[in-house]
Number of protein chains: 2
Amino acid sequence: MAEHLLRCDSCAVRHRAVCGALERDEVARLSAIAHHKLLPPGQVILHDNAEMHYFANIVSGVVKLTKTLADGRQQIVGLQFASDFLGRPFRANSPYHAETVTDVHLCTYDKGQFERLVKEIEGFEHRLFQNTLDELDSAREWMLLLGRKSAGEKVASFLLMVARRMESIGCKVSDDPERPRFNLPLSRAEIADFLGLTIETVSRQISRMKVDKIIALEGTRTISILDMQRLMAAMEQERD
Amino acid sequence: MAEHLLRCDSCAVRHRAVCGALERDEVARLSAIAHHKLLPPGQVILHDNAEMHYFANIVSGVVKLTKTLADGRQQIVGLQFASDFLGRPFRANSPYHAETVTDVHLCTYDKGQFERLVKEIEGFEHRLFQNTLDELDSAREWMLLLGRKSAGEKVASFLLMVARRMESIGCKVSDDPERPRFNLPLSRAEIADFLGLTIETVSRQISRMKVDKIIALEGTRTISILDMQRLMAAMEQERD
DNA sequence: TATTCACCTTGATCCGGCTCAAATGCCTTG
DNA sequence: CAAGGCATTTGAGCCGGATCAAGGTGAATA
C-alpha cells in the first residue's frame with residue numbers, strides 16, 4: 001500500500017463535483033477535512049463487504065467496482081471516472097469490490113467527519129441522493145446491455161460510453177468532435193468483465209470494427225472513432 | 001385506464017414502509033395527501049421518459065420496470081413488490097417504463113405535495129436515499145447474474161429471489177420455511193425478460209429442476225421448493 | 001541487441017442457448 | 001362438454017460466443 005498522503009489545500013474546484021450546489025464557505029469546510037491519495041493501477045480501494053473507513057472524490061483516473069462468483073467469474077458493475085464520488089453515506093460496508101484501473105488521484109474524507117458535514121450542510125445529502133439516482137440509471141442501462149445486446153452492440157456501446165466520459169472530463173486526445181480520439185483506460189480483460197464477454201470476443205469485435213473502418217487503433221489502447229454514424233448504428237438504439 | 005380512486009384513510013402501516021423512522025403525526029400528514037388506486041395486470045404506470053405526476057407505495061401486487069431496444073428486445077431492470085416505493089424524488093421523468101404484472105394496489109401521492117412533505121419532514125429524504133442505495137445494490141447484483149451466470153444459475157437465482165420476496169411480504173402459500181410454496185407472479189415471458197433468456201430456455205430449466213426433484217409445480221404458476229440445499233447450490237454463490 | 005513477460009490477436013472447434021416448429025395443457029366462452 | 005385461444009412445454013437443428021491453442025506485439029530489463 002504505497003499511498004501518499006498530502007494535505008488537501010487547493011482542490012475546491014474538484015469538491016464542487018460532489019457538492020456543486022454548496023456555498024463557498026461550505027466547500028471550504030469540506031476542503032478542511034480532505035486528504036489526497038495517489039494510487040497506482042490495480043490497487044484495491046475496498047474489499048468485498050469490508051467496512052469502509054472513508055469517502056472520496058476521484059480527482060483523476062478510473063476506478064472499477066466488481067462482483068465475483070465463488071469460481072472466479074467476475075463482473076464489473078460500475079466504472080467511476082474523475083469527479084465521481086466513491087462511498088456509501090451512512091452505510092457500514094459495500095457488497096462489492098473497488099479497485100483502481102489506472103493511476104488514481106483520490107481526494108478522501110474521513111467517514112465520521114464527512115457524515116457529520118453531510119448532516120450539517122443544507123442540501124448536501126440531497127445532492128448525494130441525486131448522484132445515486134444517476135448511478136442507478138446507469139446500472140439499469142447496463143442491465144439492458146448485459147441481458148439483451150449482442151457482442152458487437154456491447155462493444156460499440158462501450159466505446160461510445162468511454163468516448164463520452166473521456167470527453168466530459170477533458171481526457172480526449174483529439175479535438176474533432178466528429179472523430180474523437182482517446183486512450184482506453186481498460187485492458188481487454190477488463191472490457192470483457194464489463195460487457196459479460198470473453199477477452200477473445202472483445203478482441204475480435206474490435207478487430208472487425210477496425211477492418212470495417214469504423215475505428216482506428218494506435219497501439220492497443222489509443223482509439224480513434226472514424227465513423228461516428230456507423231458506430232452509433234452498431235450500438236442499437238433504445239426505443240422512445 | 002379503469003382506475004379506482006379511493007380516499008386513503010387507514011393505511012398508516014403501509015406508509016411506514018416508506019417512512020419507517022417517522023413519527024406518528026408525520027405519518028398522518030402523509031396519509032392526508034394519499035389516494036388509492038387499484039390497477040389490473042398489464043397496466044402501464046409510467047411510459048419511457050414520460051413525465052411522472054405522482055409517487056406511490058405498492059400496497060399489494062408486483063410492478064416491473066423495463067427498458068426496450070428499438071427492435072423490441074426487452075429487459076426487466078427492476079421488480080417492485082408490496083411496500084416498495086415507486087417514483088424518483090425531484091426528478092421530472094424516468095428513463096424506463098413501469099407496468100403492473102399482477103393486480104396492483106397503489107397508494108399514491110401527488111408529486112408536488114409529496115416533495116413538499118419530503119422537504120418538511122426531518123429524515124424523510126434520508127430514508128428515501130437509503131432505499132435507493134438498496135435498489136442500486138440489487139441492480140448490481142443482477143448485473144452479475146446477467147453478465148456471468150448460466151441459464152440454470154439464472155433461473156435458480158430468480159426462484160430464490162422471488163421466494164425470499166414473497167416470504168418477506170407474507171405472500172407465501174405454505175408455512176414450512178424449508179419447503180416454501182408460492183405463486184410465481186411472472187409469466188415465463190417475463191421471467192425470460194428478467195433473466196436475459198428466451199421463454200423456451202426458462203421453460204426447459206424449470207422442467208429440468210422438476211425432473212431433478214428440486215422443485216414441484218402445480219399448474220404453471222404455483223411452485224414448491226422441495227430441496228432448498230440443491231436450489232441454493234444451483235445458484236452459484238458469490239465470493240466473500 | 002536479445003530476452004522476457006504480459007497483453008493482445010487470430011485460428012479451430014465446441015457447446016449452451018437461440019430459433020423455428022409442433023404438440024400439449026389450461027382457461028374462457030358458448 | 002366442445003371449441004377456441006393463449007401460455008407453456010418439448011423437439012430438432014443451428015449459430016454466436018466460449019474454449020482451447022498458437023502466434024504476435026511491445027514495453028521493460030538485461
Side-chain angles (χ1 to χ4, degrees), chain A residues 40-42 64 69 71-75 101-103 145-159 183-212 214-223 234 236, chain B residues 40-42 64 69 71-75 101-103 145-159 183-212 214-223 234 236:
Chain A
K64 64 178 175 183
L69 293 171
D71 62 4
R73 282 173 287 171
Q74 191 169 83
Q75 177 68 44
V101 166
T102 61
D103 280 314
L145 174 143
L146 290 171
R148 291 305 186 197
K149 289 189 183 178
S150 69
E153 291 165 351
K154 284 178 173 181
V155 171
S157 303
F158 171 77
L159 292 178
N183 289 311
L184 273 184
L186 305 196
S187 69
R188 299 291 185 269
E190 287 166 327
I191 297 172
D193 282 346
F194 198 25
L195 298 177
L197 297 171
T198 59
I199 300 176
E200 295 93 329
T201 300
V202 170
S203 181
R204 274 186 256 268
Q205 293 300 330
I206 289 180
S207 297
R208 208 164 62 70
M209 288 181 159
K210 202 168 53 175
V211 171
D212 293 349
I214 295 176
I215 60 172
L217 290 189
E218 297 157 52
T220 164
R221 293 281 189 127
T222 304
I223 292 214
E236 180 66 59
Chain B
K64 63 178 175 183
L69 293 171
D71 63 4
R73 280 174 289 171
Q74 190 169 85
Q75 176 69 44
V101 166
T102 60
D103 280 314
L145 175 142
L146 290 171
R148 292 303 186 198
K149 288 190 184 178
S150 69
E153 290 165 351
K154 284 178 173 180
V155 171
S157 303
F158 171 77
L159 292 178
N183 288 312
L184 271 184
L186 306 195
S187 69
R188 298 292 185 267
E190 287 166 328
I191 297 172
D193 282 347
F194 198 26
L195 299 177
L197 298 171
T198 58
I199 300 174
E200 294 93 330
T201 300
V202 170
S203 179
R204 273 185 257 268
Q205 293 300 330
I206 289 179
S207 296
R208 209 164 61 70
M209 287 181 160
K210 202 169 52 175
V211 170
D212 293 349
I214 295 175
I215 60 172
L217 290 189
E218 296 156 52
T220 164
R221 293 281 188 128
T222 303
I223 293 214
E236 180 65 59

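Naming convention: chains lettered A, B, ... in sequence-line order (proteins, then strands); numbering from 1 in each chain.
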Participant: How do A:Gly219 and A:Gln205 order along DNA chain D: which one's closest nucleotide is nearer the 5' end?
Facilitator: A:Gln205
Participant: Could you go through B:Ile191 and B:Leu184, starting from their C-alpha distance and side-chain angles, then the distance that decides it, and tell me whether this counts as side-chain contact (heavy atoms from CB on, under 4.5 Å)?
Facilitator: CA-CA 10 Å; B:Ile191 297 172; B:Leu184 271 184; 3.9 Å; yes
Participant: Heavy-atom count check: over 12 atoms from other residues, nucleotides or ligands less than 6.0 Å from B:Arg73 CZ?
Facilitator: yes
Participant: Quick one: label A:Arg221 by what it contacts on the DNA or RNA (base, sugar-phosphate, nothing), any heavy atom closer than 4.0 Å.
Facilitator: sugar-phosphate
Participant: Measure the distance from CG on A:Leu184 to C1' on C:dC7 and round it to the nearest whole Å.
Facilitator: 14 Å
Participant: Is there side-chain contact between B:Leu217 and B:Thr222, with heavy atoms separated by less than 4.5 Å?
Facilitator: no
Participant: On the nucleotide C:dC7, are OP1 or OP2 found under 4.0 Å from the side-chain N or O atoms that A:Thr220 carries?
Facilitator: no
Participant: Identify the two heavy atoms, one from B:Leu145 and one from B:Ser157, that lie closest to each other, and give their separation to 0.1 Å.
Facilitator: CD1-CB, 3.5 Å
Participant: How long is the line joining CZ of B:Arg188 and P of D:dT10, in whole Å?
Facilitator: 10 Å
Participant: Please state whether the phosphate of D:dT19, meaning OP1 or OP2, lies under 4.0 angstrom from any side-chain nitrogen or oxygen of A:Thr198.
Facilitator: no
Participant: Indicate, with a heavy-atom threshold strictly under 4.0 Å, whether A:Gly196 touches base, sugar-phosphate, or nothing.
Facilitator: sugar-phosphate
Participant: Report the distance from atom CD1 of A:Ile199 to atom C1' of D:dG17, rounded to the nearest whole Å.
Facilitator: 14 Å
Participant: Among the nucleotides D:dT8, D:dG11, C:dT9, which one has an atom lying closest to any side-chain atom of B:Glu200?
Facilitator: D:dG11
Participant: Taking for each residue the nucleotide of DNA chain C with the nearest heavy atom, is it A:Ser203 or A:Arg148 whose nucleotide lies nearer the 5' end?
Facilitator: A:Ser203
Participant: So, does A:Glu190 use its side chain to make a donor-acceptor pair with the main chain of A:Ser187 at under 3.5 Å?
Facilitator: yes
Participant: Could you state the CG-C1' distance from A:Leu146 to D:dG17, rounded to the nearest angstrom?
Facilitator: 15 Å
Participant: Represent DNA chain C in dot-bracket notation, 5' to 3'. Only Watson-Crick or G-U wobble pairs with both distances under 3.5 Å count; pseudoknot-style crossings use [ ] and interstrand partners use |.
Facilitator: ||||||||||||||||||||||||||||||
Participant: What's the CD1-P distance between B:Ile215 and D:dT8, to the nearest Å?
Facilitator: 14 Å
Participant: Whole angstroms only, please: what is the CE-P distance between A:Met209 and C:dT9?
Facilitator: 13 Å
Participant: How many whole angstroms separate atom CG of B:Leu197 from atom P of D:dT9?
Facilitator: 14 Å
Participant: In this structure, which one of A:Asp193, A:Thr220, A:Thr198, A:Thr201 forms a side-chain hydrogen bond (donor to acceptor under 3.5 Å, both in side chains) with A:Arg188?
Facilitator: A:Thr220
Participant: For the atom pair CE (A:Met209) and CD1 (A:Ile215), what is the distance rounded to the nearest 0.5 Å?
Facilitator: 6.0 Å
Participant: Mapping B:Arg204 and A:Thr201 to their closest nucleotides on DNA chain D, which lands nearer the 5' end?
Facilitator: B:Arg204
Participant: Tell me the interatomic distance from B:Ile191, atom CD1, to D:dT9, atom C1', rounded to whole angstroms.
Facilitator: 14 Å
